**Student:** 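Before I ask anything, let me first share the structure, which is written out below as C-alpha cells.
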Amino acid sequence: MLLKIKRVPTVVSNYQKEEAAEEGGGCGRNCLSKCCINGARLPLYTCKNLDKSVGVKPESPVTFLESLVLGEWEDRFQRGLFRYDVTACETKVIQGKYGFIAQLNEGRHLKKRPTEFRVDKVLQPFDGSKFNFTKVGQEELLFQFEADDDDDDDSEIQFFPNMPLDADNSPSVVAINVSPIEYGHVLLIPRVLDCLPQRIDHKSLLLAIQMASEAANPYFRLGYNSLGAFATINHLHFQAYYLAMPFPIEKAPSLKISTTNEGVKISRLLNYPVRGLLFEGGSFIKDLSDAVTNASVCLQNNNIPFNILISDSGKRIFLLPQCYAEKQALGEVSSKLLDTQVNPAVWEMSGHMVLKRIEDYEGASEEKAWSLLAEVSLSEERFKEVNTMIFEAIGFCGEEEEEELDEKSSMDGGFIRANCCPSVKEEAVST
Amino acid sequence: MSITESSESVFTTEEEESFSARYSLWIKEALDELPHNFTITDPFIPGHPIVFASPGFLKMSGYSREEVIGRNGRAFQGPKTNRRSVMEIREAIREERPVQVSILNYRKSGSPFWMLFHMIPVFGKSDGKVIHFVAVQVPISGQEHHRKMRNGSGLSGDMSDYSEMMFGSCRREVCFGHLVHQDRALPVEFDEQELENWEHCEASESEKLRAAEAISNVLSVLTRYSEFSGRLVCGKRYCLRGADCLSSSLVISLGRIKQSFVLTNPCLPDMPIVYASDAFLTLTGYKRQEVLGQNCRFLSGVDTDSSVLYEMKECILEGQPCTVQILNYSNRKDKSTFWNLLHISPVRNASGKTAYFVGVQVEASCRNTESKELRPETRQLSVVGAVRVAVRSSFMVTC
C-alpha cells in the first residue's frame, strides 16, 4: 500500500510548477539546464577549513561569507524576487521555559490545489520531470560555494566575483528560497548539475558543515529534511537562514551515550518533546561529519525519515528521526493538530514554528508547541531500537546501559553523566 | 592563549570614560579593595570589552591588568569550554538578565580550571538602560562534584563503576574517593586533562553563596559611588525603556558590523541618529556624543545638491530604499568634503513595523576595485542585511 498525504508544498523557487516543465531548446527562463547554462556566471567562494579543529573560534565580526550571503540576499530582496517581505511577518518568543519562536506567515503557503507526495519512502530516485534546481532562474542563485583541502594555494579564502559555471567542475551553489522563513533564507545545493536525489552522503554533509563553520555565526544554522520528513523537493539541498535567537532545541540538556574513536561525542536529548541525538566534538570537522553521515545513512537504509540541524557554527549537530508523515497518512493525528497545517520539518523540530493562521499565532503557547512536536517524535521504545541500529552502523556495541537520571537534572544544565558502552569502559581501563 | 596571541591592548578613552562618566572619583580604588574575583564589562563599547578587572581576578587568571582591559570575556575560554555554558552566557547578555553557570576557563599559562560564573546587569536608575555587566568568578574545587557523583549515583561502592562515572578517566580520584566521603575538605588534585574532559562541574552551595555575596558587594560599591556622582545605578531595571533607547543586545549585534552606517528613528521628531558605528565616526570625524540625537543633515553643506536631499526625503516618506551620491562635509582635521555613496532603507522590527532607517556610507573615492573583494554594492547591502537581522532579532527579546 502506497502511503500518501495531501500536502501543499512550499514554493521555494519562482519557476516551481507542479506540471512537468519543458526541457531543451531555450526555455527563456535563464535556468541551469542545458538550454541556458552556456555562459552562466556566478561569484565563486572557496575556502579551506577542513583542517581547522573543532575548537572555540572567537566570535568574529561579520565574516566575508556572511557579507556575501547577506549582501546578495538583500540585493534580491530589493529586486523583488521574494514572494513576500519576511521582515513584515510578525514574530515573537513564546512565554515559557524554552522560548519557542512563533511567526505569523500567511504568505508562505500558496493557495493552489494540493499535490500527492509519496511519504513512505525515504530513498526515492531523482526524477528529472519533476521540479528540481536545474530549473531555477539564474537570478535566484547567489554564488558558488566550494570548500576543499587543496594544498595548492596558501590563502584560506578565495573569491572570484564572476566565475563561469563549469559543469565539469560539478559546482555547488547557494540559492535564495523565495518563500523565506526568515531573513537570509537560502538553499545550499551540492553539485547541483549532478542532480542528486535528497539523501545524505559524506561529501554533501561535509560541505554543509563547512559552510556553517565558515559563516562563523551561531545564529546561521543549516538544516536538512529527508523525504518523508517534509522535504519539498527530491533534489539534494540544505536550507539555512539567520535568526539571532537561541533555538529551543539548543537549550535542551543532553545525556552522553558514547564517544567515537575519533572523539565525536554522541548524546541524547533530554527534557525536549522530540527524541534525538546530538553529535559534537571530534578532532576535525570531518570526524564529526562522518559520524553524522554514517548515522543518517543507516536511517535512510532503514526507511526512517529524519531531520538534521547544524548549529553552533557547525560544532553541534542534531539528528532527529520522526514519524509524523506516516502517522498522518494512517490517520493517527488529531484534527486539531492537522488544522494548524504545520508540517514539522527541521525548523519546527528545532522550535521555530511558522504559523499560517492568526488564531494559532495569537494562541501560541509552549504547551501547544510541545504537544505538536511530541506527536512527531519517535516513541521511547522505537527511539531505542533506532539508536541500536545507528550504533551498530557506526561500529559500536549498540548497548546502552540505562542509568538513573540524577533528580536534579533540569533544564538549567543539570550535570551530564557518562553512559557506559563497553568501548568506553575499555577507554577508561587503559587510561 | 588568545589574549597573548593578539596585540597588546591600550586603554582607550571610551574604556576610561566608561567609569568616569557614571561614577565619582576613586571608584576604581574602592573596587580594588574588594577581595573578590570579578570583571566589569561595557556592552556599549564595540566588542563588549572588560573595563575593570579586580586584583583577585588577575591573580586567578594569571594576566596583568593591561592584558585584560579591552578584551572580551571569551578570551578566557578555550577548546574544551562547554558550548552550552557559552550559549547561556551569550543569551543572558542579550536579554540583559542575570546568569549563573559553571564554565571551564583557561589561565594565561594555558591550564584549565572550572569556575562558577555569576553575572548581573547594572541599570541606570533614571532611564532603565543597562550600563555595565558585573561578572564574578568563583573557582570550583570539584569536591561537590565528587560528592554528588557518589551520593546520587545509585550504584554500589564498586570502584570500577565509580571510575567510569568520572567520564572514563581520572584514576586518581578512585584512591581519594573514600577520603572525600569523610567530608574532610581534602583538596583533590585533578589531572588537567581530566578536568577539561568533564562535561560539567557542579559548584557547592558555599561556592554559590560566595558568588552571590561578591555580586552584592560589588553592586553596593557601584551604587554608592553612583550616588555621589548623581547618576544612580541599581541592580534592577526600574522603568520602561524609552523609545530612543537601543537595548544593549542590539548594540552588541550592531558592533559586529565594521562598515560605516547609522540608524535613525523615524518615529522621533526630526528623525535623529540613534546609533552610529565606529567607522562612521572615523569617516565623518565626529565624536559619538556629537552625532547621537542629531538629524543627519549636519553632514550636508553649502554645495550639497538639494535635489538629492529631496529625493532622499521622498524615499523615506514612501518607505523605499534608495541610493544617492551626495556631497558631505566632514569634521576631520582638514574639514574636507567627500562624495558619499549613501544607501538608505527602512528596517522593520519583530512586530513587522518599520522601526528604523539604516544609512550606509561608502566614500566614493575609496571604491575598491580589487577583484578579490566583494563589490562595493554588495558590501553596502550586506550592512543593510546584517542590520535587518540584528533589529528583527533584538526586538523579539521580551523585556
Side-chain angles (χ1 to χ4, degrees), chain A residues 53 55-56 58-62 64 66-75 77-78 85 87-93 95 101 158-161 182-184 218-219 242-246 250-251 253 256 259 280 312 315-316 403-404 406-408 413 415-418 420 424-425 427-428 431, chain B residues 2 72 74-75 77-79 81 83-88 90-91 94 101-102 145 148-149 152 154 163-169 171 199-202 253 256-258 321 345 347-348 350-352 371-375 377-382 384-386 388-390 392-394 396-398:
Chain A
S53 56
V56 169
E59 261 170 59
S60 45
V62 174
F64 194 100
E66 187 172 331
S67 293
L68 180 60
V69 171
L70 290 174
E72 293 293 336
W73 212 91
E74 177 68 22
D75 171 75
F77 186 64
Q78 293 195 12
D85 177 355
T87 65
C89 296
E90 208 182 315
T91 181
K92 66 183 178 186
V93 173
Q95 283 287 350
I101 300 155
Q158 290 193 288
F159 181 69
F160 305 93
E182 262 306 331
Y183 190 87
Y219 301 123
Y242 288 93
L243 183 64
M245 298 290 300
E250 293 169 337
K251 297 186 193 175
K256 176 166 131 181
T259 312
E280 52 190 333
D312 201 4
K315 298 192 192 78
R316 296 206 289 163
E403 304 245 18
E404 278 166 49
D406 190 280
E407 274 151 40
K408 284 217 190 137
F415 71 90
I416 299 141
R417 290 155 44 154
C420 294
V424 174
K425 267 195 182 118
E427 267 182 291
T431 304
Chain B
S2 15
N72 182 282
R74 269 177 249 114
Q77 296 163 14
T81 300
R83 299 301 306 163
R84 248 191 94 226
S85 302
V86 172
M87 186 190 81
E88 285 181 49
R90 184 180 71 219
E91 293 310 317
R94 292 183 74 248
V101 69
S102 305
H145 188 70
K148 276 195 128 77
M149 299 295 272
S163 73
E164 272 148 16
M165 294 293 274
M166 291 276 117
F167 309 110
S169 55
R171 300 255 70 203
E199 300 191 19
H200 183 81
C201 188
E202 184 76 12
S253 307
R256 293 177 66 236
I257 307 170
K258 298 305 170 193
S345 192
V347 176
R348 300 177 189 275
S351 70
S371 61
K372 299 237 163 164
E373 302 250 331
L374 287 181
R375 290 182 308 136
E377 292 80 11
T378 311
R379 214 173 329 122
Q380 196 170 37
L381 291 179
S382 76
V384 178
R388 290 198 199 282
V389 174
R392 184 163 162 85
S393 309
S394 82
M396 284 170 62
V397 172
T398 44

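None of the values given here were measured: they were computed from a predicted structure. No hydrogens, no waters, no symmetry mates; every other heavy atom, side chains included, goes into these values. Residue numbers start from 1 in every chain, and the chains themselves are labelled A, B, ... in the order their sequence lines are given, proteins ahead of strands.
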**Student:** Can you name the nearest heavy-atom pair linking B/Glu373 to A/Phe159, along with the distance?
**Tutor:**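 In terms of heavy atoms, the two residues are closest at O-CE2, 3.7 Å.
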**Student:** I'd like to check A/Glu74 versus B/Gln380 (side-chain heavy atoms, cut-off strictly below 4.5 Å). Are they in contact?
**Tutor:**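 No; the side chains remain at least 4.5 Å from each other.
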**Student:** Find out whether B/Thr378 and A/Asp75 are in side-chain contact, i.e. whether some heavy atom of one side chain is under 4.5 Å from a heavy atom of the other.
**Tutor:**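 They are not in side-chain contact.
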**Student:** On the ring face of A/Phe77, is B/Arg348 found with NZ or CZ under 6.0 Å from the centre and within 45° of the axis?
**Tutor:**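 That pair does not qualify as a cation-pi contact.
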**Student:** Can we say B/Arg256 and A/Glu66 salt-bridge, meaning some charged N sits less than 4.0 Å from an Asp/Glu carboxylate O?
**Tutor:**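 Yes.
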**Student:** At a heavy-atom separation under 4.5 Å, does B/Ser253 approach chain A through its side chain, its backbone, both, or neither?
**Tutor:**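 No part of it gets close to chain A.
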**Student:** Hey, could you give me the CZ/CH2 distance between B/Arg388 and A/Trp73, rounded to the nearest 0.5 Å?
**Tutor:**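 One gets 9.0 Å once the value is rounded to the nearest 0.5 Å.
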**Student:** What are the two closest heavy atoms between B/Arg84 and A/Pro253, and how far apart are they?
**Tutor:**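 Of all heavy-atom pairs spanning B/Arg84 and A/Pro253, the closest is NH1-CA, 3.9 Å.
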**Student:** Check whether any side-chain heavy atom of B/Arg392 lies under 4.5 Å from a side-chain heavy atom of A/Glu182, and answer yes or no.
**Tutor:**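 Heavy-atom side-chain distance check passes, below 4.5 Å.
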**Student:** Where on A/Gln78 is there a heavy atom nearer than 4.5 Å to chain B: the side chain, the backbone, both, or neither?
**Tutor:**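 Only the side chain of A/Gln78 comes within 4.5 Å of chain B.
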**Student:** From the options A/Leu70, A/Thr87, A/Leu243, select the one residue that forms a side-chain contact (heavy atoms from CB on, under 4.5 Å) with B/Val389.
**Tutor:**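 So the option named by the test is A/Leu70.
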**Student:** For chain A, find which of B/Ser85, B/Ser382, B/Gly352 contributes the most heavy-atom pairs closer than 4.5 angstrom.
**Tutor:**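 Among B/Ser85, B/Ser382, B/Gly352, the one with the most close pairs to chain A is B/Ser382.
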**Student:** Could you tell me which non-hydrogen atom of A/Met245 sits nearest to which non-hydrogen atom of B/Ser393, and how far apart they are?
**Tutor:**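 Taking A/Met245 first and B/Ser393 second, the nearest heavy atoms are SD-O, 3.8 Å.
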**Student:** Okay, side chain of A/Arg316, backbone of B/Arg83: is any donor-acceptor separation there less than 3.5 Å?
**Tutor:**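 Not confirmed, A/Arg316 side chain does not pair with B/Arg83 backbone.
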**Student:** Could you tell me whether the side chain of B/Arg379 and the main chain of A/Gly71 form a donor-acceptor pair under 3.5 Å?
**Tutor:**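 Judged by distance alone, no pair lies under 3.5 Å.
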